[in-house]
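One structure is given here, and the rest of the page talks about it.
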Amino acid sequence: MRFENKVVFITGAGGYIGGETAYMFGQEGASVAVCDINQATVDKTVRRIQQAGGTAMGVVADVTNSASVDSAVARTVERFGRLDVMVHVAGGSARKKSHPLIEQTDDVIQEVIGINLFGAIYASRAAARAMVAQGQGGRIINFSSIVAENGLRGCVDYAAAKGGVISMTRSLAKELAPYKITVNSVAPGLVQRPEETYDVVNTNFLGEKCTAADVGHVVLFLASSEAHFITGQTYAVDGGRGLAMKGSD
């Protein structure tokens with residue numbers, strides 16, 4: 001198993017992508033700290049991992065609150081004795097509240113930037129502190145989006161937050177390289193969620209549905225020893241969607 005004796009902390013692990021990624025780490029032998037703001041979804045992911053023979057604990061935290069994140073990471077280290085991998089999946093574009101910027105309200109802007117960018121910063125800082133103290137390296141992986149590179153009307157706040165994640169990834173990679181801690185990000189395109197009816201096949205050049213597992217495989221690679229020489233990078237998982245230019249396809 002690739003992650004036997006490794007401890008992984010994952011935010012947003014009660015959701016579709018985060019939950020599947022947490023499960024995949026559990027299947028690969030990791031001890032998984034399942035972190036989300038919702039106790040019920042945390043418990044659901046923990047049960048799924050444990051029922052499959054894996055090791056997991058649940059941690060409820062609000063990633064927009066630095067003290068809450070610090071406490072969640074501290075509880076993880078207290079329970080498992082260390083921290084090897086941090087994955088910040090928690091995020092969202094507030095789709096039902098999306099509007100052109102000139103119509104957008106302050107509360108939505110602050111919500112979107114808070115969870116996507118501040119959450120990534122707080123989780124990365126808490127994880128980095130633990131990993132530096134251990135002195136044995138580590139992996140930090142945050143979630144960006146192809147929207148950060150290409151833009152999207154009605155999602156200026158989300159694009160700004162995810163663009164910030166890419167910039168943070170590059171800068172933090174430089175800061176943590178002397179400690180053998182790699183920092184990378186994953187930028188998904190549209191992912192087909194079970195509860196949603198829209199068809200993502202026509203949104204990418206491969207003409208396929210992107211699943212949570214497709215994204216999770218990239219996360220596991222970046223967290224593995226095989227990726228020890230990769231840092232400061234952003235990996236698009238979008239079936240080529242980000243390659244399109246207006247009028248070219």
Side-chain angles (χ1 to χ4, degrees), residues 10-12 15-21 24 63 87-101 104 108-109 111-121 123-124 140-173 182-223 227 230-249:
I10 306 180
T11 73
Y16 178 53
I17 297 175
E20 184 66 23
T21 302
M24 293 168 73
V63 299
V87 186
H88 176 67
V89 185
S93 60
R95 293 176 188 172
K96 295 180 181 180
K97 303 176 184 178
S98 294
H99 295 289
L101 184 61
Q104 192 55 280
V108 174
I109 293 172
E111 174 189 346
V112 170
I113 293 178
I115 190 171
N116 289 287
L117 181 55
F118 286 176
I121 292 173
S124 295
I140 291 175
I141 302 162
N142 285 292
F143 268 53
S144 181
S145 168
I146 61 166
V147 171
E149 296 281 0
N150 297 278
L152 184 65
R153 287 174 293 185
C155 289
V156 172
D157 43 15
Y158 180 72
K162 293 302 191 182
V165 170
I166 293 176
S167 295
M168 184 196 74
T169 294
R170 293 170 178 163
S171 297
L172 190 58
T182 65
V183 185
N184 294 289
S185 60
V186 176
L190 282 176
V191 178
Q192 185 75 61
R193 288 168 170 77
E195 72 278 9
E196 295 178 327
T197 57
Y198 66 81
D199 191 347
V200 305
V201 168
N202 293 323
T203 68
N204 64 78
F205 286 101
L206 293 178
E208 299 177 9
K209 293 180 180 180
C210 179
T211 68
D214 291 324
V215 180
H217 285 304
V218 177
V219 174
L220 264 66
F221 166 68
L222 291 173
I230 299 173
T231 195
Q233 306 303 309
T234 298
Y235 279 66
V237 188
D238 66 349
R241 186 184 187 210
L243 299 173
M245 294 189 297
K246 186 176 181 180
S248 67
D249 58 344

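All values below were derived from every heavy atom in this structure, side-chain atoms included, with hydrogens, water molecules and symmetry-related copies excluded. This one's a predicted model, so the numbers in the text were calculated from it and none came from an experiment.
When every heavy atom of G232 is checked against every heavy atom of R170, the shortest pair comes out as O-CG, 3.6 Å. When all heavy atoms are compared, the tightest approach of S145 to Y158 is CB-OH, 3.6 Å. Summarising the geometry of L152 relative to V147, their closest heavy-atom pair is CB-CG1, 3.8 Å, with the distance given to 0.1 Å. Closest of all the heavy-atom pairs between N142 and S124 is ND2-OG, 2.9 Å. Residues A123 and H88 approach most closely at CB-ND1, 4.2 Å, considering heavy atoms. Counting all heavy atoms, side chain and backbone alike, C155 lies closest to S98 at SG-OG, 4.0 Å.
The main-chain N or O of E149 is never found under 3.5 Å from a side-chain atom of K162 such that the two would form a donor-acceptor pair. The main-chain N or O of I166 is never found under 3.5 Å from a side-chain atom of S144 such that the two would form a donor-acceptor pair. A donor-acceptor pair under 3.5 Å is formed between the side chain of N184 and the backbone N or O of Q233. For E111 (side chain) and I109 (main-chain N/O), no donor-acceptor pair under 3.5 Å exists by modelled atom type. Judged purely by atom type and a 3.5 angstrom limit, D238 has no side-chain atom pairing as donor or acceptor with the backbone of P188. Counting only distance, with no hydrogens or angles, the side chain of T234 and the backbone of V186 share no donor-acceptor pair below 3.5 Å.
Once rounded to the nearest 0.5 Å, the distance linking CD of Q192 with CD of E208 reads 13.0 Å. Rounded to the nearest 0.5 angstrom, I146 CD1 and L243 CG are separated by 9.0 Å. A distance of 11.5 Å separates CD1 of I121 from CG of N116, quoted to the nearest 0.5 Å. I230 contributes atom CD1, which lies 3.5 Å from atom OH of Y235 (distance to the nearest 0.5 angstrom). One finds the CD1 atom of I10 at 10.0 Å from the CE atom of M24 (value rounded to the nearest 0.5 Å). In this structure, NZ on K209 lies 11.0 Å from CG on N202, to the nearest 0.5 angstrom.
Residues Q104 and V156 are not in side-chain contact: their nearest non-hydrogen atoms beyond the backbone lie 4.5 Å or more apart. V165 has its side chain within reach of L117: a pair of non-hydrogen atoms, C-beta onward, lies under 4.5 Å apart. Contact of the T169 side chain with the T231 side chain is not registered, since no non-hydrogen atoms from C-beta on lie closer than 4.5 Å. Counting heavy atoms from C-beta on, the side chains of T21 and V215 never come closer than 4.5 Å. Between Y16 and V191, the closest side-chain pair of non-hydrogen atoms falls below 4.5 Å.
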**OP:** I would like to know whether V63 and F118 meet side-chain contact (heavy atoms from CB on, under 4.5 Å); could you show each step before the answer?
**Re:** CA-CA 8 Å; V63 299; F118 286 176; over 6 Å; no
